[in-house]
Amino acid sequence: MNPDHEWMDQASTRRLLTRPAAEIARRLLGSSLTSTVDGIRVEVRVTEVEAYGGVGEDPGSHAFRRQTARNAAMFGPPGRSYVYFTYGMHWCLNVVTCPAGTAGAILIRAGEVVGGLDAARGRRPRARQDVDLARGPARLTRALGITGAMDGVDLLDRGSPVQLRLPALPAPAVAITGRTGVAGPGALTPWRFAADHPTVSPYRPASPRARG
DNA sequence: CTCGAGATGGCCT
DNA sequence: GGCCATCTCGAGT
């Protein structure tokens, strides 16, 4: 997907993570996400992301109302992880954006496993094809072995169990739509960004709940 | 391909 | 008590 890669340095990455959400989200496509869990390394190339805003500005965001114990990482410095538990069984990974004290995050929705294939397959035995290993936010964390224990880690630190490197150049083709799991106000905000790649989930806008 | 429902538990009102 | 930033399987078109 991104031949002959050059990666952004850490200082430039931190600076970029304080830019407007749409710009960050677009630049995250093609990123390298690496986990080292139990000494096993798995690497994913990011193909799909969604942006989420801060207090009072994005009804679809966990931070919309105020800071709580769960969303605390969203209010921390940029470049950290925000990992949350949902539907009673799934973990999802975000990259924290915005300066500390201001909430913002980008949900990593999908990627292509480019390293540690055997480990990823072992963690995702139900996946029929390799493109399905990290196709979806909870599938991606499962393939990488990411859990709530990694909430709040610095993704730009070489010592972290989960690490992120942004591509020096933006991905070429990017589809921009409304966010997948978001209903109600904010559903139409064009904050989902996807590369042209088979690991990207088919876009399904959240449907309003059926009435009586 | 699409649709619907069950799993399963924490968070927030 | 209601609502999830989801995934999987089975059945239908």
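Below, all heavy atoms of this structure are taken into account, side chains as well, without hydrogens, waters or symmetry copies.
- In this structure, A:Y87 forms an aromatic stack with the base of C:dC4, since both conditions hold: centre separation below 5.5 Å and plane angle below 30°.
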Got a list of side-chain donor-acceptor pairs under 3.5 Å for residues 160-170 of chain A, not counting sequence neighbours?
unit_1, atom_1, unit_2, atom_2, d
A:S160, OG, A:D154, O, 2.5
A:Q163, NE2, A:R158, O, 2.8
A:Q163, NE2, A:S160, O, 2.9

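- If you check residues 96-105 of chain A against DNA chain C, you find no residue with a heavy atom closer than 4.0 Å.
- Rounding to whole angstrom units, CZ of residue A:R139 and C1' of C:dC9 are separated by 12 Å.
- Judged by centroid separation below 5.5 Å and plane tilt below 30°, A:F85 does not stack onto the base of B:dG10.
- If you take OH of A:Y84 and C1' of B:dG9, they are 15 Å apart, rounded to a whole angstrom.
- Whole-Å rounding puts the A:H90 NE2 to C:dC4 P distance at 16 Å.
- In this structure, CG of A:L133 is placed 10 Å from P of C:dT8, rounded to the nearest angstrom.
- For the pair A:L140 CG and C:dT6 P, the computed distance is 13 Å after rounding to whole Å.
- Across all strands shown, A:R192 has no heavy atoms under 4.0 Å from either base or sugar-phosphate atoms.
- At the phosphate of B:dC11, neither OP1 nor OP2 sits under 4.0 Å from any side-chain N or O atom of A:R66.
- For A:H62, a side-chain nitrogen or oxygen approaches OP1 or OP2 of C:dA5 to under 4.0 Å.
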For DNA chain C, the expected dot-bracket line (Watson-Crick or G-U under 3.5 Å, [ ] crossing, | inter-strand) is ||||.|||||||.
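- Rounded to a whole Å, the CE atom of A:M89 is 13 Å from the P atom of C:dC9.
- When rounded to the nearest whole Å, the span between CD of A:Q129 and P of C:dT8 equals 13 Å.
- If you take CZ of A:R126 and C1' of B:dA7, they are 12 Å apart, rounded to a whole angstrom.
- Note on A:R142: every side-chain N or O is 4.0 Å or more away from OP1 and OP2 of C:dT6.
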